[in-house]
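Computed from a predicted structure; not experimentally measured. Ligands are counted one by one from 1 in listed order, and the atoms in each one are counted from 1 as well. Below, each value reflects all heavy atoms present in this structure, side chains not excepted, and no hydrogens, waters or symmetry copies.
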Amino acid sequence: MRIFITGGAGFIGSHLCEEYLSRGDEVWALDDLSTGSIDNVAHLRDNPGFHFREGSILDPAPVLDLTGTCDAVVHLAAAVGVKYILENPFLSIRTNVRGTETVLETAARFSKPVLIASSSEVYGIQTKAPLSEDDHRVLGPTSVSRWSYASCKALDEFMALAYHGTMGLPVVVVRLFNVVGPRQTGAYGMVLPRFVQQALKGDPVTVYGDGSQTRTFSDVREIVPALADLMACDAARGEVVNLGGREEISIAGLAELVKSTLDSDSEIVFVPYDQAYGGSFEDMPRRVPDLSKVRKLIGFEPQSTTEDIIRRVADAMRR
Ligand code: UDP
């Protein structure tokens, strides 16, 4: 198979390129290198099955070319990271809405199957746990710009489902829950690589808010095979599917676990949200995926503990 991966030089994208190549597929990666990096795929450049194109999903030309070339499209390119979204609101909205529309429109033109990466952010401040795909979303006001990301991703989902419903386009929408692993940078706000880096350097570990908010981290090494399996799964067509890890942990608990796992002397400091993100900010209090749907579709069962993931991220950073 020939696979077109948008955002192929990003954190998840670069791991997915490796996954497809290891399955014997050929990969075309498109990336504008905004938050992705050529270093993430440098080790793949001599692989004859790997092809890289620098370009944006906002430019219809490369999307048209690569969709025509390939058998299936995995759409990962997006503005990501809470910090990045808050600092680049306009570009983020444009990338996450217009970019996805371009990808879907082009896939429909060629009738190529497409996987759309969405996010657990769409659930908003829902406190229910675990969250299942049909649960209601609870979002804050438009004056709090954090919610633009959740709204854009939800719009992407609506568009994908509409293309499926009205034109029969084979789509699957995957809601990713806090995927972490090597190559993820803390530069755009992601907590786990930030804490690991802080702990390794002996810097203060910065917990935002009171640290009672929870997340469920998943290991990119387990997520990318599941993405490829979902892309290939006929029963997943037209479905929205959660994909994530298995251990809920508070952010204060994560800070403690990072310190103990890495035997670090860093102190833990609590930073008020307004200092961390400026202005009005609302955090998600709790986020735990219900994985029963993905288990049924492809037999997915996450194995990694949060401690395993911390060790792998730290090992990669040390290297
Ligand atoms: N967070 C933190 N310290 C940091 C970066 C993030 O305490 O240095 C918190 C953040 O406020 C949120 C959680 O960690 O409550 C997860 O943040 P991240 O940006 O990684 O993911 P998301 O909020 O999208 O789940």
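Ring geometry, Trp28 versus His51: the interplanar angle falls under 30°, so the pair is classed parallel (tilted spans 30 to 60°).
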| message | If you apply the rule side-chain hydrogen bond (donor to acceptor under 3.5 Å, both in side chains), what do you find for Arg183 with Ser14, and how did you get there? | response | CA-CA 9 Å; Arg183 297 184 207 138; Ser14 61; 2.9 Å; yes

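With salt bridges taken as basic N to acidic carboxylate O contacts below 4.0 Å, one links Arg215 and Asp283.
Judged by distance alone, with hydrogens and angles left aside, the side-chain atoms of His164 form no donor-acceptor pair with the main-chain N or O of Met159 at under 3.5 Å.
Among protein residues, Val82, Glu121, Arg146, Asn178, Gly189, Met190, Val191, Arg194, Phe195, Thr206, Val207, Tyr208, Gln213, Arg215, Ile251, Tyr273, Tyr277, Asp283, Arg287 come within 4.0 Å of ligand 1, judged on heavy atoms.
Using a 4.5 Å heavy-atom threshold, the side chains of Val288 and Phe177 count as separate.
Annotation: cation-pi pair Arg175/Tyr123 present, NZ/CZ under 6.0 Å from the ring centroid and within 45° of its normal.
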